[in-house]
Number of protein chains: 2
Amino acid sequence: MKACDYTRDNMTDLLRQHGINPTHQRIEIAYALFSHQEHLCADQVMAIVNAKHSETSKATVYNTLNLFQEKGMIREVIVDPSKVFYDPNTHPHHHFYNIATGELTDIDVDDIGLTGLPQLPPGMVTEGVDIIVRVRPTA
Amino acid sequence: MKACDYTRDNMTDLLRQHGINPTHQRIEIAYALFSHQEHLCADQVMAIVNAKHSETSKATVYNTLNLFQEKGMIREVIVDPSKVFYDPNTHPHHHFYNIATGELTDIDVDDIGLTGLPQLPPGMVTEGVDIIVRVRPTA
DNA sequence: CAATTATTTGGAATGTGTCTAATTTGTTTT
DNA sequence: AAAACAAATTAGACACATTCCAAATAATTG
């Protein structure tokens, strides 16, 4: 699905597929994330959604992003100690993080081979593996 | 060097080796981190350092941890959106993160093979690679 | 010792994110 | 369609980690 294919109607379906009741605010927040195809943080989402006229409160933005994440519709990316980024790409993948600009770029997981992870202690399961390659412009 | 080998005198040398002027507070903070050999966050460091009598202010703890990190004496670990952990182990290594307890465990880098990282854009250099394996107890 | 520089400090300020109780919205029921 | 109920949203207060700042202290130099 190309970025230009994301419509508010698509979002309604997507929300339903994840067992989320589609409301105005939820549709707008989902649309903001998916149509931009970028890694946005909460206040960026809020700015986009309220660009024309104020529509959605801060509390709803945070509630909704957390809800989307719990339902597996988006992913949290924790690279910056000061804020969480949300990633509409839920396919397994990793990230370049430009420490100078804060920019995040996806790394396709197909390219990557990761071997030699030690065995987990009994009773533990892996929830996910995050690989973050921190990069910066040559000094 | 075993954990029991970390003394305040060692810390003085270690600070000097990293071009840091050793002061009372800096020695105590370094000692707290290295003698514990654990992943501590700022307020844990502060609690340890001020356990007997209040010696070091919050501002100094934060300043000092940032200084140590800039000088490459310790490493930041960003896994929890709410706080930064500091890691006295600067050898390349990765982490298990227990999302239920917040516990961090080292993974030796020698065991790990990572291949297929895409080429960096020109003018960019890798600053570091962080691999975080998020684990949880079986439900 | 006086002068200068480096370090530490308390407390105010910032910014992200959560909580709460009240309202609004939407859906059933009758 | 009104009444009853549940779900979602809201404003604003709150919590917390971290940073900022200007003043005080400590250390170093001439």
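Every chain is numbered from 1, with letters handed out A, B, ... down the list of sequences.
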Taking for each residue the nucleotide of DNA chain D with the nearest heavy atom, is it B/His24 or B/Tyr86 whose nucleotide lies nearer the 5' end?
B/Tyr86
Please state how far atom NZ in A/Lys83 lies from atom C1' in C/dG15, giving the value in whole angstrom units.
9 Å
What's the CE-C1' distance between A/Met46 and D/dT9, to the nearest Å?
12 Å
Check whether any side-chain N or O of A/Gln25 sits under 4.0 Å from OP1 or OP2 of C/dT25, and answer yes or no.
no
If you compare every side-chain N and O of B/Asn21 against the phosphate oxygens of C/dT7 (OP1, OP2), does one of them come in below 4.0 Å?
yes
Would you classify A/Asp80 as touching base, sugar-phosphate or nothing, given that sugar-phosphate means primed atoms plus P, OP1 and OP2, and contacts are heavy atoms under 4.0 Å?
nothing
Could you tell me the separation between the CG atom of B/Asp43 and the C1' atom of D/dA15, rounded to a whole number of Å?
14 Å
I need the CD-P distance between A/Glu55 and D/dA11, as an integer number of Å.
12 Å
Phosphate OP1/OP2 of D/dT9: any A/Thr60 side-chain N/O under 4.0 Å
no
Check this for me: does the side-chain of B/Lys58 come within 3.5 Å of the base of D/dT18 through a donor and an acceptor?
yes
Interatomic distance, B/Glu76 CD vs D/dT18 P [rounded to whole Å]:
9 Å
Has A/Tyr62 got a side-chain N or O lying under 4.0 Å from the OP1 or OP2 atom of C/dG17?
yes
Of the listed nucleotides C/dT9, D/dT10, C/dT8, the one nearest the side chain of B/Arg26
C/dT8
For atom CD1 of B/Ile20 and atom P of C/dA6, their distance in whole Å
16 Å
Between A/Asn63 and C/dG17, is there a side-chain N or O to OP1/OP2 distance below 4.0 Å?
no
CD of A/Glu28 versus P of D/dA8: gap in Å, rounded?
17 Å
When rounded to the nearest 0.5 angstrom, what is the spacing between CD in A/Glu55 and CD in A/Gln25?
8.0 Å
Atom pair CD1 (B/Ile74) and CZ (B/Phe68), whose distance is rounded to the nearest 0.5 Å
6.5 Å
Heavy atoms of A/Cys41 and A/Lys83 approach each other most closely as SG-CD, 3.5 Å
From CG of B/Asn66 over to P of C/dT7, roughly how many Å is that when rounded to an integer?
15 Å
Measuring from atom NE2 of A/His39 to atom CG of A/Asn89, what distance do you get when rounded to the nearest 0.5 angstrom?
7.0 Å
Ignoring backbone atoms, establish whether B/Thr23 has a side-chain N or O less than 4.0 Å from OP1 or OP2 of C/dT8.
yes
Which value, rounded to the nearest 0.5 Å, describes the distance between B/Leu67 atom CG and B/Ile29 atom CD1?
9.5 Å
